[in-house]
Amino acid sequence: MNRFQIFKTLRNHRKLAEKRALNPNQKAIAKVMMWIAGAFTILYLMGISIMFSLIINDSSRTTSLEFITTILPFILAIDFFLRFSIQQTPAQIIKPYTLTRIPRMTCIDSFIATSLFSTGNFVWFALFLPYCLMSVLFNFGLWPTLILLLLLWVTIMANSQWYLIARTLINDSVKWWILPIAVYGLIFGIWIIKDFDAFDEFYSTSGTLIETGNPLPLLIAIILLGVLVWINRKVQLAHIWKELARVETSKASGVKLFGAITPWFSNKGATGRYILLEMKSMTRNKNPRKAFIFSVIIVLILSMIISFTNVYDNNFMTNFWAIYNYAIFGATILSKVMCYEGNYIDCLLVHKEDILSLLKAKYVIFSLLLVPTFLLMLPTVFAGKWSLLMLVAYGVFTAGFQYFMLFQLAVYNNQTVPLNAKLIGKSGMENNYEQLIINLAAFFLPIIFVSILQSFMPRTVSYIIMLIIGIFFMLTFRIWMRNVYNRMMKRKYKNLEVMRATR
């Protein structure tokens, strides 16, 4: 086959991947939910576009072309961070082809081309097209409008390549977060160093050039896109080779610590031994360790922002960030319950109720992780911003009701997530629709519940109700954990088949 035929074949494979999924019912439901969310997103962007047009049409300070090029850096920054929840890197979906005769670079080129022309890169046109029709076309003519639309499209595609580069490097090491911080610090540096007027003047220059029909901004964007595609190809290939040729090594770090506590946990029965296993997994395996470190960093940053700034001091944001901060460990790690265990699920099924002991161990560990989160948010109580009752109630509610919801995923999570392989992982579990929807539900359902309570009763009473609900689920955790385990056993052969297939 020539290169074009290979591209076409690989594209057809990606289209057939969803249809051949081992859990088609879950995929179908999640896909419908994502289409609904996408429709609302498009309507929301169109509404923003109309609002911008009405404002700019009545403005004498700036032109419509200058305005859109000024806000473009903000759009690109939002687009970059949104991609983390839904987009895979080309390296993540190349594993089925690593042992074929197809050149790896050809596979990478195919997936990069697919990412350039993916549906997500066209969503922003719900913002761009109405704006251009209402504020650009009739003021500046067809040619400047076409140049602007092409410029916006090329920059969005360039942003997709920049995301793939950054995401691949961040998967390799958390330290690479320095790169996007530095890049966006450079992009918004003029605003930080001087003021917004200087920022506006710098980026509106592109709009001024387009007004006269000058295609220079478009040419610069095309060159930037070409450079980023070239860099992305090199980065993806280098990391694939690195992971394919990796040699498993073990470090002696932490041996003394685990050696000291192992006898104590061993005396606690099967649950104690699985607590030790979970601790070792989060310190020795690449993916669980990164998820844990990422969660710790987010908790630290949010706790400092909540405690020492006034950014989130209104009632809704107070409730949201308090519950969000408690739920971070659960949403990032516990929502994948039984996914990491898919790598050795056969061993867990050898002895009766080993999985039940494992689930209890996870509950103990993640409940204990709420204690440092509580301590980090205590300054809000000392500063008089939050009450101690509120802080305790939300922590207990998370340990009780929210963890009760998240542990239900143990019944339905049936795709294996690699413990160490990141780039050529087969299942792509971190980016599937089910996890996104469940995480959103874990965050927002408690907020809705609290808001309803506080609209009908005093805050203190709402906190007491949440505290009681949390205590109830904590005291009955053995009962509902047993229920989760029994339902898992009814589905064990179905789940086992998918876990083995997605290793």
Side-chain angles (χ1 to χ4, degrees), residues 37 81 85 291-292 294-337 362-363 365-409 435-477 480:
F81 289 103
S85 61
F292 178 75
F294 179 76
S295 301
V296 170
I297 293 172
I298 295 298
V299 168
L300 285 171
I301 293 173
L302 283 180
S303 298
M304 294 183 67
I305 292 174
I306 293 168
S307 300
F308 302 109
T309 70
N310 298 321
V311 177
Y312 303 123
D313 281 357
N314 65 70
N315 186 44
F316 176 80
M317 297 307 293
T318 293
N319 290 327
F320 177 80
W321 289 110
I323 292 176
Y324 183 97
N325 211 24
Y326 275 124
I328 283 174
F329 284 106
T332 55
I333 306 174
L334 193 55
S335 61
K336 297 183 179 68
V337 58
K362 286 179 178 289
Y363 185 77
I365 288 177
F366 285 95
S367 296
L368 291 175
L369 284 174
L370 297 176
V371 176
T373 306
F374 169 80
L375 296 175
L376 286 170
M377 290 195 288
L378 268 181
T380 59
V381 178
F382 301 147
K385 297 171 66 175
W386 295 356
S387 68
L388 182 61
L389 176 62
M390 169 191 164
L391 206 57
V392 173
Y394 285 3
V396 173
F397 184 82
T398 301
F401 181 73
Q402 286 188 271
Y403 282 0
F404 162 75
M405 290 196 304
L406 289 172
F407 269 97
Q408 305 306 311
L409 291 171
Q435 290 295 331
L436 176 62
I437 293 171
I438 291 165
N439 286 344
L440 290 175
F443 286 149
F444 288 105
L445 287 180
I447 303 299
I448 296 171
F449 178 68
V450 172
S451 300
I452 294 173
L453 285 179
Q454 294 184 354
S455 63
F456 293 102
M457 58 188 66
R459 294 187 187 181
T460 302
V461 178
S462 68
Y463 299 151
I464 293 173
I465 291 175
M466 292 189 68
L467 182 62
I468 293 172
I469 293 173
I471 291 173
F472 172 78
F473 280 97
M474 289 181 69
L475 294 177
T476 59
F477 92 95
W480 56 259

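Keep in mind that the numbers below use all heavy atoms, side chains included, and drop hydrogens, waters and symmetry copies.
- Residues L370 and A399 approach most closely at CD1-CB, 3.5 Å, considering heavy atoms.
- Scanning all heavy atoms of the two residues, the minimum distance from S303 to N325 falls at OG-ND2, 2.9 Å.
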Applying side chain to side chain contact (heavy atoms under 4.5 Å, CB included), run through I469 and F449 and close with a yes or a no. CA-CA 12 Å; I469 293 173; F449 178 68; 3.6 Å; yes
Side chain to side chain contact (heavy atoms under 4.5 Å, CB included) between F329 and V299: does it pass, once the steps are laid out? CA-CA 9 Å; F329 284 106; V299 168; 3.8 Å; yes
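- Between the CD1 atom of I328 and the CG atom of L369 there is a distance of 12.0 Å, given to the nearest 0.5 Å.
- Note that CH2 of W321 is 15.0 Å distant from OG1 of T380, once rounded to the nearest 0.5 Å.
- Distance OG1/T398 to CG/L406: 9.5 Å, rounded to 0.5 Å.
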Can Y394 and N319 be said to form a side chain to side chain contact (heavy atoms under 4.5 Å, CB included), step by step? CA-CA 9 Å; Y394 285 3; N319 290 327; 2.5 Å; yes
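- With values rounded to the nearest 0.5 angstrom, I323 atom CD1 is found 8.0 Å from M390 atom CE.
- With sequence neighbours excluded, no residue forms a side-chain hydrogen bond (donor to acceptor under 3.5 Å, both in side chains) with S367.
- Considering every non-hydrogen atom in both A322 and M377, the closest pair reads O-CE, 4.2 Å.
- With hydrogens and angles disregarded, no donor-acceptor distance shorter than 3.5 Å links the side chain of K385 to the backbone of T318.
- Listed by chain and number, the residues in a ring pair (Phe, Tyr, Trp, His ring centres under 6.0 Å) with F397 are F401 (sequence neighbours excluded).
- Ring geometry, Y363 versus F477: the interplanar angle falls under 30°, so the pair is classed parallel (tilted spans 30 to 60°).
- The two residues W480 and G400 make their nearest non-hydrogen contact at CZ2-O, 4.5 Å.
- Contact of the V392 side chain with the L467 side chain is registered, since non-hydrogen atoms from C-beta on lie closer than 4.5 Å.
- Between W386 and L391 the shortest heavy-atom distance is CE3-CD1, 3.7 Å.
- Relative ring orientation between F404 and F473 is described as tilted, the plane-to-plane angle lying within the 30° to 60° band.
- Annotation for G330 and Y403: closest pair CA-CE1, 4.2 Å, computed over non-hydrogen atoms.
- The distance from the CD atom of Q408 to the CE atom of M405 is 9.5 Å, given to the nearest 0.5 Å.
- Applying the side chain to side chain contact (heavy atoms under 4.5 Å, CB included) criterion to F294, with sequence neighbours excluded, gives W177, I298.
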Kindly indicate, with the supporting measurements, whether the criterion side chain to side chain contact (heavy atoms under 4.5 Å, CB included) is fulfilled by L378 and L388. CA-CA 8 Å; L378 268 181; L388 182 61; 4.2 Å; yes
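- The neighbour count for M304 CE, taken as heavy atoms of other residues, nucleotides or ligands under 6.0 Å away, does not exceed 12.
- One finds the CG atom of L409 at 8.0 Å from the CG atom of L334 (value rounded to the nearest 0.5 Å).
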